[in-house]
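Naming: A, B, ... by sequence-line order, numbering from 1 per chain. As the structure is a computational prediction, the values presented were derived from the model and not from experiment.
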Protein chains: 2
Amino acid sequence: MDKRERLIESTRELLWERGYVGTSPKAIQERSGAGQGSMYHHFQGKSELALAALARSADDLRARAEAEFSAPGSVVERVTVYLRRERDVLKGCPVGRLAQDPDVMADADLRKPVEEFFGWLTGRLAELLGEGRTAGELDAELDPLATATALVAVLQGGYILARAAGSPEVFAKAVDGALGLLATKET
Amino acid sequence: MDKRERLIESTRELLWERGYVGTSPKAIQERSGAGQGSMYHHFQGKSELALAALARSADDLRARAEAEFSAPGSVVERVTVYLRRERDVLKGCPVGRLAQDPDVMADADLRKPVEEFFGWLTGRLAELLGEGRTAGELDAELDPLATATALVAVLQGGYILARAAGSPEVFAKAVDGALGLLATKET
DNA sequence: GTCTATATTCGGATAGAC
DNA sequence: GTCTATCCGAATATAGAC
């Protein structure tokens, strides 16, 4: 792996672990094994490097979700697979974490991948729930967009509650609660 | 308001806006109008001051929630009032925000109020849902603890989605989705 | 109690040699 | 491309005067 690549991957890890304000160029250099000159040769500065890292993380999450959403199975099955997929719960969401970071949200370029990822995810899930409703698998009264938003929120909030408790089981509990409520809407 | 008090209140604001790693002693001093000497006279350092600020924020949230939970009305009514209460959505949750902060979670003292607040909130809400179930207001199949965890997660995740989108309406959408699902469990 | 002065390390970046 | 040297201000404190 060349230095440029190592810089991006190290930045992804650090943004995940410590957020943007908590990640220093020095820490990136140490983890990647690249020196200052190398870093400032490949990237203009911290924010440009963070953008490359963040965009890649968002793309990864999107690809994984889409693979699950477009797999065979009923809508509820696919949503369940997505919600219950194994996750590094105590580390949290590599993209959602940055929505809390003031310096990320203050920078339009950095903010864009975060906004787009959640916009896509919520919309795609709403689409899926809409299909389920049309197919008669889900109650006609179910609001696809509101429900999709709530499900994505359960995941993001689940990460927070699990970290607060120091236990991944809390995340699973939140997902159980959401699926328990959704089950009632199955026809 | 004396300096000690101003220091705590300024720290609460900054922790809310910028998190723990993003808040410097200098910023606290500037906002509070206290000098360095004053700050280090009243508190041993940044972490002790943050603890005082965080504990107070958690106490406030708890008191507000308890007032809503113990008000008159059916269980679903009280839960709805709590979920729909007006919030500073784009600022996020002053306590939940810190669950994402690595330096807060790494310090047992700082972590404690976060863990206790969410433990209390989830438990209290589960208790309420349990009462509703016993009273026949909610479906006998509803799992109080899992449902309570999901509802708290919707709030915490709602903050994140709203910040990502730059719009408080996304928070409201998530709450709508959760209440829409819960409504099906009403008998 | 509050202030100013000082110390040390880090954050974020530039300059120029190899 | 990558390295080392250097810069300047911020972060987190301590010391001691008032």
Colleague: Report the distance from atom CG of B:Leu49 to atom P of D:dA11, rounded to the nearest whole Å.
Modeller: 15 Å

Colleague: Provide, to the nearest angstrom, the distance between the CG atom belonging to B:Leu14 and the C1' atom belonging to D:dA11.
Modeller: 14 Å

Colleague: How long is the line joining CG of A:Leu7 and P of C:dA13, in whole Å?
Modeller: 14 Å

Colleague: Specify the separation, in whole Å, of atom NE2 of A:His41 and atom P of C:dT14.
Modeller: 15 Å

Colleague: The test is side-chain contact (heavy atoms from CB on, under 4.5 Å); show your working for A:Val79 and A:Val75 and say whether it passes.
Modeller: CA-CA 6 Å; A:Val79 169; A:Val75 165; 4.2 Å; yes

Colleague: Applying ring-ring contact (aromatic ring centres under 6.0 Å, His included), can you list everything that pairs with A:Phe43, at least two apart in sequence or on another chain?
Modeller: none

Colleague: Give me, pair by pair, the N or O atoms of the protein and of nucleotides 14-16 of chain D that are less than 3.5 Å apart, along with how far apart they are.
Modeller:
none

Colleague: Report the distance from atom CE of B:Met39 to atom P of D:dT12, rounded to the nearest whole Å.
Modeller: 9 Å

Colleague: On the ring face of B:Phe69, is B:Arg62 found with NZ or CZ under 6.0 Å from the centre and within 45° of the axis?
Modeller: no

Colleague: Using the 3.5 Å cut-off, write out each protein N or O paired with an N or O of nucleotides 8-11 of chain C and the distance between them.
Modeller:
unit_1 : atom_1 : unit_2  : atom_2 : d
C:dG11 : OP1    : A:Ser24 : OG     : 3.4
C:dG11 : OP2    : A:Ser24 : OG     : 3.3

Colleague: Please determine which of A:Leu161, A:Ile160, A:Val170 meets the side-chain contact (heavy atoms from CB on, under 4.5 Å) test together with B:Val152.
Modeller: A:Leu161

Colleague: What is the distance, to the nearest angstrom, from the CZ atom on A:Phe43 to the C1' atom on C:dG12?
Modeller: 16 Å

Colleague: Tell me whether B:Lys46 forms a cation-pi arrangement with B:Tyr20, defined as NZ or CZ under 6.0 Å from the six-membered ring centre and within 45 degrees of its axis.
Modeller: yes

Colleague: How long is the span from the CZ atom in A:Arg12 to the OG atom in A:Ser57, to the nearest 0.5 Å?
Modeller: 3.5 Å

Colleague: Expressed as a whole number of angstroms, how long is the span from A:Tyr20:OH to C:dG12:C1'?
Modeller: 10 Å

Colleague: Provide, to the nearest angstrom, the distance between the CG atom belonging to B:Asp103 and the C1' atom belonging to D:dA11.
Modeller: 13 Å

Colleague: Could you give the distance from CG (A:Leu129) to CG (A:Leu151), rounded to the nearest 0.5 Å?
Modeller: 6.5 Å

Colleague: Indicate yes or no for a side-chain donor-acceptor contact from B:Arg124 to the backbone of B:Glu66 under 3.5 Å, with no hydrogens or angles considered.
Modeller: no

Colleague: Quickly, which of A:Leu49, A:Asp2, A:Ile8, A:Leu7 forms a side-chain contact (heavy atoms from CB on, under 4.5 Å) with A:His42? Name it, please.
Modeller: A:Leu7

